[in-house]
Structure formats: structure tokens, C-alpha cells
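Keep in mind that this is a model prediction, so the values were computed, not measured.
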Amino acid sequence: MSSRVWLITGTSSGFGLRLAQSALKRGDRVIATAKSLEKLQDLLVTSIDPGLRDNLRTLQLDVTEGEATLKAKADEAAAIWGQIDVLVNNAALTETLATEVAPFNIRVLLVAPGSFRTEGIYNQTYNTSNPIAANTPLREASIARFKAVAGIGKGDPAKAMEAVVDIVRGEGIAKDRPWPGLLVLGEDAERDVRDKCNKVLKALDEWKDVTCSVNLD
């Protein structure tokens, strides 16, 4: 199997870092990006096997920058090895993207993780700079919950990213299986998705007479 080129955002911690590690171990090439290039380089030097570093390049990238800047960064990334086979955006995307890019022979994998033990989000400061007084009880409960979740997630981010690389490469757990489009990761995520689906189905059943009664006469 030929070596793929991955462009991965947010690789200074969490899923992004584990994904870069996994792809490199499979013999693929990785362009690892983060807002802080200095932090990224320090982390990757300590976490990536020296024998794999020839297949690793780093690039400063902030996905909130303007379109012109992002296009220039994309061109810079593509010029490194002359191609980008796998783009990983560690930010929210919608399912409509898969339909939009399908005519260009591009596949989309939406990954929906549950609670995983990563270093990222729970190290961030909870923003209370502009509080609404009426929301104080909810805000305080939310802050308490936010602080309590850190470090107790059952999910192993390394295992999760191994699964993603398997799917992209069509090997391991994904061998001879169809492209999923959506990958739910974690027992809690599986439970939550089933609960949501059951609520939708329940609403459809209870209101079917109305749902199906609005066609033109």
C-alpha cells in the first residue's frame, strides 16, 4: 500500500496528536499543524519515534484565520510532498459536506467521540467574562460539571485514532468493510446516539398522522 499524506489540524494534544502518531507508525507521511508551532515541535520531538521523523513536517495553522491566509497555508502544505490524501479537521463539520464533495471522489468520515481522556479542552478556562444573572444556577452547575469531567473519561484516545487510521487505510478493523461515513466512538457516545434516535422515532410515531397529513390536496 502506498504511503498516504495526512494534513492534520490541532496536533499539539488530544486526538490530533494520537492520530499523527498512529499514521506515522503505519508508514504514512504527516503534516502536523497547530496554532503554536513552538509548542507543536516540542511535543512532537518528545512523542514521535526518531525513526519516523523523516515522514513528519510541521506547519503553523490557525483554522480561524481568513480565507486568503488559509489558502496560502494549504498551498504550502500541498507543496511539501506534492499531494494531500487525507485532511483531518479537528472542528465541527456538517453531514452536508459529504454530499458536496462526493462528485470530486472525496470521502468524508465524521467522527463523533464521547468522553475521552485527552489533554485539550478541560485545560481551557471557562469563560465567565459576560455573565447573565438569570443563568447563574445553570452556569455554576455547568462549571462544576466541566471541572469534574477532567481526567475521568473512559475513552482511550490512542485506541480511537488507531480505529480512524484503520478505516482510512482499509485495514485492521476496517478490512473488507464499507466506508462508514459516520463513526461513533465510546460507550457513552453510543448510548447517547441511541437515545437521540429513539426520541426522534418516538416523535415520528406519536405525530405520524400530522407528519403525513400536509400534502397538497
Side-chain angles (χ1 to χ4, degrees), residues 1-34 48 52 55-56 61 63 70 74 77-78 81 83-122 149 152-205:
M1 181 178 294
S2 61
S3 173
R4 292 173 171 80
V5 176
W6 297 63
L7 173 60
I8 308 174
T9 67
T11 55
S12 61
S13 65
F15 290 123
L17 176 61
R18 272 75 173 192
L19 185 58
Q21 292 170 329
S22 179
L24 287 167
K25 290 176 183 177
R26 308 290 184 97
D28 286 347
R29 292 165 286 174
V30 171
I31 303 167
T33 79
I48 300 298
L52 301 176
N55 282 346
L56 174 67
L61 177 65
V63 297
L70 292 176
W81 280 300
Q83 65 193 68
I84 295 174
D85 302 302
V86 185
L87 171 63
V88 180
N89 182 11
N90 282 311
L93 291 175
T94 67
E95 293 184 53
T96 59
L97 178 65
T99 302
E100 292 172 1
V101 300
F104 304 101
N105 198 30
I106 297 174
R107 296 184 298 182
V108 173
L109 177 64
L110 296 176
V111 180
S115 179
F116 280 79
R117 205 166 297 185
T118 62
E119 310 86 2
I121 187 171
Y122 298 112
V149 169
I152 65 171
K154 293 183 178 180
D156 181 338
K159 288 181 179 179
M161 295 304 97
E162 288 290 333
V164 171
V165 176
D166 272 351
I167 291 171
V168 170
R169 294 175 58 88
E171 59 192 28
I173 61 171
K175 185 174 177 60
D176 299 324
R177 299 174 73 171
W179 184 262
L182 171 66
L183 179 66
V184 178
L185 291 172
E187 293 178 351
D188 55 336
E190 190 263 357
R191 181 182 62 250
D192 290 345
V193 170
R194 288 190 183 278
D195 286 347
K196 175 65 175 179
C197 290
N198 287 333
K199 288 178 181 178
V200 172
L201 291 173
K202 184 174 183 291
L204 282 174
D205 289 339

Over all atoms of both residues, closest heavy-atom pair of [X] and [Y]:
| X | Y | result |
| --- | --- | --- |
| Ala23 | Val165 | N-CG2, 4.1 Å |
| Ala189 | Ala112 | CB-O, 4.0 Å |
| Pro157 | Thr118 | CB-CG2, 3.7 Å |
| Ala160 | Phe116 | CB-CE2, 3.6 Å |

Gap between atom [atom2] of [Y] and atom [atom1] of [X] - 0.5 Å precision:
| X | Y | atom1 | atom2 | answer |
| --- | --- | --- | --- | --- |
| Ser22 | Met161 | OG | CE | 9.0 Å |
| Thr11 | Asn90 | OG1 | CG | 8.5 Å |
| Ser2 | Arg29 | OG | CZ | 8.0 Å |
| Arg117 | Lys154 | CZ | NZ | 10.0 Å |

(message) Between the side chains of Arg26 and Asp166, is the shortest nitrogen-to-carboxylate-oxygen separation below 4.0 Å, so that they form an ion pair?
(response) yes

(request) Apply side-chain contact (heavy atoms from CB on, under 4.5 Å) to the pair Ile31 and Trp81, showing each step before the final yes or no. (result) CA-CA 9 Å; Ile31 303 167; Trp81 280 300; 3.7 Å; yes

Looking only at atom types and distance, does a side-chain atom of [X] sit under 3.5 Å from a main-chain N or O of [Y], one as donor and one as acceptor?
| X | Y | answer |
| --- | --- | --- |
| Ser12 | Ala34 | no |
| Asp28 | Arg4 | yes |
| Ser115 | Asp188 | no |
| Thr33 | Ile8 | yes |

(message) Counting C-beta onward and ignoring hydrogens, is there a side-chain heavy-atom pair between Lys196 and Val193 closer than 4.5 Å?
(response) no

(message) With a 4.5 Å cut-off on side-chain heavy atoms, are Val168 and Trp6 touching?
(response) yes

With a 3.5 Å cut-off and sequence neighbours excluded, list the donor-acceptor pairs that the side chains of residues 175-186 form with protein atoms.
from, atom 1, to, atom 2, distance (Å)
Arg177, NH1, Ile173, O, 3.1
Trp179, NE1, Val108, O, 3.0

(request) Using side chain to side chain contact (heavy atoms under 4.5 Å, CB included) as the criterion, point out the one residue from Leu109, Leu19, Thr9 that pairs with Val88. (result) Leu19

(message) Run Val5 and Val86 through side-chain contact (heavy atoms from CB on, under 4.5 Å) and show every step you take.
(response) CA-CA 6 Å; Val5 176; Val86 185; over 6 Å; no

(request) For atom CD of Gln83, decide whether the heavy atoms of other residues, nucleotides or ligands shown that lie under 6.0 angstrom number more than 12. (result) yes

(request) Could you pull out all residues at least two apart from Arg194 that satisfy salt bridge (charged side-chain N to carboxylate O under 4.0 Å, His left out)? (result) Glu190

